Trainee: 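Handing you a structure now.
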Amino acid sequence: MDNSVTEIKSLGGNLWNVAQADERIVELMVQRYNLPYIMAKILVLRGVNVDEVPAYLDPKIQNLMPNPFVLKDMQKVSQRLAEAVIKKQKVAIIGDYDVDGATSSSVLMLFLRAVGLEPLIHIPERDEGYGPSKKAVDDFKAQGAEVLVTVDCGTTAFEVLEYATSQGMEVMVIDHHEAEASLPKIFGVVNPKRLDEDNDYPYLRYMAAVGVVFLTVVAINRELREKGFYKADIKEPDLMKWLDLVALGTVCDVVPLKGLNRAYVKQGLKVMANRGNLGLTALIDKAGLTETPSAFHLGYVLGPRINACGRVGESYMGNKLLCETNSYQADLMAEKLCEFNVQRKDIEAYVMLSAIEILEGNPNKYPIAFVYAKDWHQGVIGIVAGKLKERYNLPSFVMSIEDDEVKGSARSIPQVDLGALVMAAKEKGILTKGGGHTMAAGFSLTEDKIEEFYEFAGQYVVEKIGGEALTPTIEVDATLDAMGINFELADYLEKLEPFGAGNSEPKLLLKNVRVSKSSIVGVGHVRCILSSANGGSLKAMAFRVADNEIGKALLQAKGDTFDVIGVLRKDNWQGRNNLQFIIEDIRKPV
């Protein structure tokens, strides 16, 4: 597949790539399924084969979920947890303090409750550090725990988990983080990223932890069914009712929305719309969300509020809210999470401004954003790293120096695998702890190693991308005239949802459109009308641009013509039924 690359920087500082699809396949899709040309082209660009179109547009979990036993250790882990249920043994769970951790621990906890157990639960506070700790193990031991399960953590927690084993617990990990060549010497490790996995189902490797937990719950449930556990007085739970939590964790962990992940989210959003989970329902209402939840709302409205409790509040509250059975208590906790989120925004704004001042006030030897300070709240460094990555299009490393340890978070660009970088630095003894994914990682080190880590990370990135920052590129799916935008096209594009990592919202290029009636609305947003020479016109909005080159050009345009990139959305605000083009970038016509 070729890309049409325009080597002209836009007003947003980007290059534009207009993707070219195989026209024969596009035409075949158009004819077989009576699709609009643009829709067929986008499907081809997404790698969808002609015969896969119906399944892609309506993904079904049962068609995509393999036998859970394809994962190493899944059979023995699910059999052991089924045994714990039957024998009513005490099971303890250790989770993580982010949304994936909260949903992972909640799905397992809700299932175990549904089959008669009341598991112990521990979500570490930020100052305790990521993953299991000896203190948590000792507390569980004192409470009589016989089985310990870590979710969204534990794959590289050798010392603590082997200590738990020495205390007489049978320990198992359900995780999705990068693994090392060796694994902890414990009962079992279920992780699709184990280096000894067969990879017969490659899409399992990019499940969020909550997706792996759900697969494990399916396996445990099957074991219980086969052992005759479910009888007249013990009903088999409906596992599908927890897909809302699976969808939430999957979107918020920014894993690719492909294959099974996409089906999880598509079906999970339908479950969420039924408002069955009291905690989620309370959070939706407190956040002022009145429309049907979408993947956008999971990632940008609900997720940040759950994350906030782990960043600036009380880490356990995310899990507690999602497992709450009392509506009054759910309302109180949802309100508290919203308050935590306001605090988080204030703290984040301070750290972000400080980081920008450091980066733009000092020369930089390498094409990375690398900053640290002693007064930065470690709960927001991940968010700030993500925003710095977006601002500078560079791999970004943000660190908070504590009394005894430096804790850091990093976000990357596609050309640099952060998980591999962090693992390599850990193997060299530069980092004391670390792990993550291709695009995001967390790590710890001592203060005297900061400069050595800067050199290591900088040289690593230079080897991957060279010594200069890359010009960011916007990938464009299709070019069309404003005259061709209508509700039918919008309805078809909605079938491509849920949008997120690995399944981005289709970007459309409108060429030679006239900009008129532009004005500032809200806090720095610009509203305008786009019209074409053929007579088509469309309402448009560009968010948070009033003080940059894009906003200035739009506001000064008095019928000026531009090429415009953006996404098409329905505008249902306050009962409206309009179409709106969300502008992401503009340039003078080429």
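No hydrogens, no waters, no symmetry mates; every other heavy atom, side chains included, goes into these values. Every value quoted in this text rests on a predicted model; they were computed, and no experiment measured them.
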Trainee: Tell me, do Pro68 and Arg222 make a side-chain contact under 4.5 Å, heavy atoms counted?
Mentor: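 Yes; the side chains approach each other to less than 4.5 Å.
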Trainee: Is the number of heavy atoms from other residues, nucleotides or ligands within 6.0 Å of NZ (Lys495) greater than 12?
Mentor: no
Trainee: Check for a donor-acceptor pair, side chain of Asn341 on one end and backbone N or O of Ala308 on the other, with a separation under 3.5 Å.
Mentor: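 A pair under 3.5 Å: no.
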Trainee: How many angstroms lie between CG in Leu418 and CD1 in Ile413, if you round to the nearest 0.5 Å?
Mentor: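 Answer for the CG-CD1 pair, Leu418 versus Ile413, is 9.5 Å.
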Trainee: So, does Asn49 use its side chain to make a donor-acceptor pair with the main chain of Asp51 at under 3.5 Å?
Mentor: no
Trainee: For Asn191 and Arg205, test the side chains for any donor-to-acceptor distance below 3.5 angstrom and give the result as yes or no.
Mentor: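 No donor-acceptor contact under 3.5 Å links the two side chains.
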Trainee: With a 4.5 Å limit on heavy-atom distance, are the side chains of Val30 and Lys41 in contact?
Mentor: no
Trainee: Is the closest basic N to carboxylate O distance between Arg194 and Asp73 below 4.0 Å?
Mentor: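 Looking at Asp73 together with Arg194, the answer is yes, because their closest N to O distance falls below 4.0 Å.
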Trainee: Before you tell me yes or no, could you show the steps for Lys570 and Glu494 under salt bridge (charged side-chain N to carboxylate O under 4.0 Å, His left out), namely the whole-Å CA-CA distance, both residues' side-chain angles and the distance that decides it to 0.1 Å?
Mentor: CA-CA 9 Å; Lys570 292 179 180 176; Glu494 279 188 346; 3.5 Å; yes
Trainee: Walk me through whether Leu81 and Glu170 qualify under side chain to side chain contact (heavy atoms under 4.5 Å, CB included).
Mentor: CA-CA 10 Å; Leu81 287 171; Glu170 288 190 292; over 6 Å; no
Trainee: Does the pair Glu236/Arg225 count as a salt bridge with the N-to-O cut at 4.0 Å?
Mentor: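 Here Glu236 pairs with Arg225 in a salt bridge, since their nearest N and O are under 4.0 Å apart.
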Trainee: Using the six-membered ring of Phe443, assess whether NZ or CZ of Lys433 lies under 6.0 Å from its centre and within 45 degrees of the ring axis.
Mentor: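 No; the conditions do not both hold, so Lys433 does not lie above the ring face of Phe443.
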Trainee: Taking Arg113 for its side chain and Cys323 for its backbone only, find out whether a donor-acceptor pair lies under 3.5 Å.
Mentor: yes
Trainee: Can you name the closest pair of heavy atoms from Gly382 and Ser409 and give their distance?
Mentor: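 Scanning both residues completely, I find the closest heavy atoms to be CA-OG, 3.2 Å.
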Trainee: With no hydrogens and no angle check, is any side-chain donor or acceptor of Ser166 less than 3.5 Å from a backbone partner on Tyr163?
Mentor: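 Confirmed, Ser166 side chain pairs with Tyr163 backbone.
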Trainee: So do the side chains of Val91 and Leu120 get within less than 4.5 Å of each other, counting heavy atoms only?
Mentor: no
Trainee: Which heavy atom of Ala219 sits nearest a heavy atom of Ser78, and at what distance?
Mentor: CB-CB, 3.6 Å
Trainee: Given the rule in the side chain to side chain donor-acceptor pair (under 3.5 Å) test, do Arg80 and Gln89 qualify, once you have shown the distances and angles that lead to the verdict?
Mentor: CA-CA 11 Å; Arg80 180 63 187 89; Gln89 294 178 310; 2.9 Å; yes
Trainee: How about Tyr300: does its OH atom have over 12 heavy atoms from other parts shown lying under 6.0 Å from it?
Mentor: no
Trainee: Are more than 12 heavy atoms from other residues, nucleotides or ligands located less than 6.0 Å from atom NZ of Lys426?
Mentor: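 Counting other residues, nucleotides and ligands, NZ of Lys426 exceeds 12 neighbours.
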Trainee: Nearest heavy-atom pair of Leu204 and Pro66: which atoms, and what distance?
Mentor: CD1-CG, 3.9 Å
Trainee: With rounding to the nearest 0.5 angstrom, report the CG to CD1 distance, Leu493 to Ile42.
Mentor: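 Here the rounded value is 5.0 Å.
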Trainee: Is there a donor-acceptor pair under 3.5 Å between the side chain of Tyr33 and the backbone N or O of Val53?
Mentor: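 Looks like no, no N/O pair under 3.5 Å.
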Trainee: Could you tell me if Arg262 sits above the aromatic ring of Tyr203, with its cationic atom closer than 6.0 Å to the ring centre and no more than 45 degrees from the axis?
Mentor: no
Trainee: Should we count NZ of Lys266 as having more than 12 external heavy atoms under 6.0 Å?
Mentor: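 For Lys266, atom NZ is crowded (more than 12 foreign heavy atoms under 6.0 Å).
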Trainee: Report the C-alpha separation of Tyr97 and Asn307 in whole Å, then their side-chain angles, then the decisive distance to 0.1 Å, and conclude whether the side chain to side chain donor-acceptor pair (under 3.5 Å) test is met.
Mentor: CA-CA 7 Å; Tyr97 36 63; Asn307 256 332; over 6 Å; no
Trainee: Taking the side chain as everything from C-beta on, heavy atoms only, tell me whether Met439 gets closer than 4.5 Å to Val416.
Mentor: no
Trainee: Without swapping roles, check the side chain of Asp100 against the backbone of Val210 for a donor-acceptor pair under 3.5 Å.
Mentor: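 Looks like yes, one N/O pair under 3.5 Å.
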Trainee: Check whether Asp244 reaches the backbone of Met272 with its side chain - one donor and one acceptor, N or O, closer than 3.5 Å.
Mentor: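 Judged by distance alone, no pair lies under 3.5 Å.
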Trainee: Side chain of Asn274, backbone of Gly276: donor and acceptor closer than 3.5 Å?
Mentor: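 Judged by distance alone, no pair lies under 3.5 Å.
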Trainee: Give a yes or no on whether a salt bridge exists between Asp331 and Lys336, defined as a side-chain N under 4.0 angstrom from a carboxylate O.
Mentor: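 Salt bridge: no.
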Trainee: Going by atom types only, do Ser315 and Glu125 share a side-chain donor-acceptor pair under 3.5 Å?
Mentor: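 Note: Ser315 and Glu125 side chains meet the donor-acceptor criterion.
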Trainee: Tell me if the NZ atom of Lys389 is crowded by more than 12 foreign heavy atoms within 6.0 Å.
Mentor: yes
Trainee: State, yes or no, whether a side-chain contact exists between Val85 and Leu224 at a heavy-atom distance under 4.5 Å.
Mentor: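 Side chain of Val85 against side chain of Leu224, heavy atoms only: contact under 4.5 Å found.
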Trainee: Could you walk me through whether Ser105 and Asn319 satisfy the side chain to side chain donor-acceptor pair (under 3.5 Å) test, starting with their C-alpha distance in whole Å, then the side-chain angles of each, then the deciding distance to 0.1 Å, before giving a yes or no?
Mentor: CA-CA 7 Å; Ser105 57; Asn319 165 267; 3.1 Å; yes
Trainee: Mind listing the closest non-hydrogen atom pair of Ala287 and Cys338 along with its distance?
Mentor: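 Heavy-atom minimum between the residues: N-SG, 4.4 Å.
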Trainee: Applying salt bridge (charged side-chain N to carboxylate O under 4.0 Å, His left out), run through Glu83 and Lys87 and close with a yes or a no.
Mentor: CA-CA 6 Å; Glu83 179 186 338; Lys87 293 181 177 179; 2.8 Å; yes
Trainee: Is there a side-chain contact between Thr156 and His177 in this structure, where contact means two heavy atoms from C-beta onward sitting under 4.5 Å apart?
Mentor: no
Trainee: Looking at Thr432 and Ser444, would you say the former's side chain and the latter's main chain have a donor-acceptor pair under 3.5 Å?
Mentor: yes
Trainee: Output the distance between atom CG (Leu289) and atom CD (Glu291), rounded to the nearest 0.5 Å.
Mentor: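 Reported to 0.5 Å precision, the distance equals 6.0 Å.
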Trainee: Say you draw a straight line from OG of Ser133 to CG of Asp139; how long is it, rounded to the nearest 0.5 Å?
Mentor: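 The OG atom of Ser133 sits 7.5 Å away from the CG atom of Asp139.
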Trainee: So, the side chain of Glu178 versus the backbone of Gly435: is there a donor-acceptor pair under 3.5 Å, distance only?
Mentor: no
Trainee: Return the CG to CD distance between Asp477 and Glu505, rounded to the nearest 0.5 Å.
Mentor: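 Going from CG on Asp477 over to CD on Glu505, the span is 10.0 Å.
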Trainee: Salt bridge or not between Glu146 and Lys90? Use side-chain N to carboxylate O under 4.0 Å.
Mentor: no
Trainee: Ring centroids only, cut at 6.0 angstrom: are Phe499 and Phe296 within range, meaning strictly under it?
Mentor: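 That pair fails the under 6.0 Å test.
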Trainee: Do Asp198 and Val70 have side chains that approach each other closer than 4.5 Å (heavy atoms only, starting at C-beta)?
Mentor: no
Trainee: Once you round to the nearest 0.5 Å, how far does CH2 of Trp242 lie from CG of Leu322?
Mentor: 13.5 Å
Trainee: For Glu159, I'd like to know if atom CD has over 12 heavy atoms of other residues, nucleotides or ligands within 6.0 Å.
Mentor: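 No, CD of Glu159 has 12 or fewer neighbouring heavy atoms, counting only those of other groups under 6.0 Å.
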Trainee: Assess the residue pair Tyr264 and Met207 against the criterion (side chain to side chain contact (heavy atoms under 4.5 Å, CB included)); give the C-alpha distance rounded to whole Å, side-chain angles, the decisive distance to 0.1 Å, and a yes or no.
Mentor: CA-CA 10 Å; Tyr264 276 154; Met207 280 193 296; 4.0 Å; yes
Trainee: Are more than 12 heavy atoms from other residues, nucleotides or ligands located less than 6.0 Å from atom NZ of Lys135?
Mentor: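 No, the 6.0 Å shell around NZ holds no more than 12 heavy atoms from other groups.
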Trainee: Give the intermediate values and the outcome of side chain to side chain contact (heavy atoms under 4.5 Å, CB included) for residues Glu118 and Met109.
Mentor: CA-CA 8 Å; Glu118 185 57 45; Met109 190 168 187; 3.8 Å; yes
Trainee: Do Val173 and Leu161 have side-chain heavy atoms sitting under 4.5 Å apart?
Mentor: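 Yes; the side chains approach each other to less than 4.5 Å.
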Trainee: Is Arg411 positioned over the aromatic face of Phe397, cation under 6.0 angstrom from the ring centre and no more than 45 degrees off axis?
Mentor: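 Checked: cation-pi criterion not met.
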Trainee: May I have the step-by-step check of side chain to side chain contact (heavy atoms under 4.5 Å, CB included) for Val190 and Asp175, ending in yes or no?
Mentor: CA-CA 6 Å; Val190 176; Asp175 195 10; over 6 Å; no
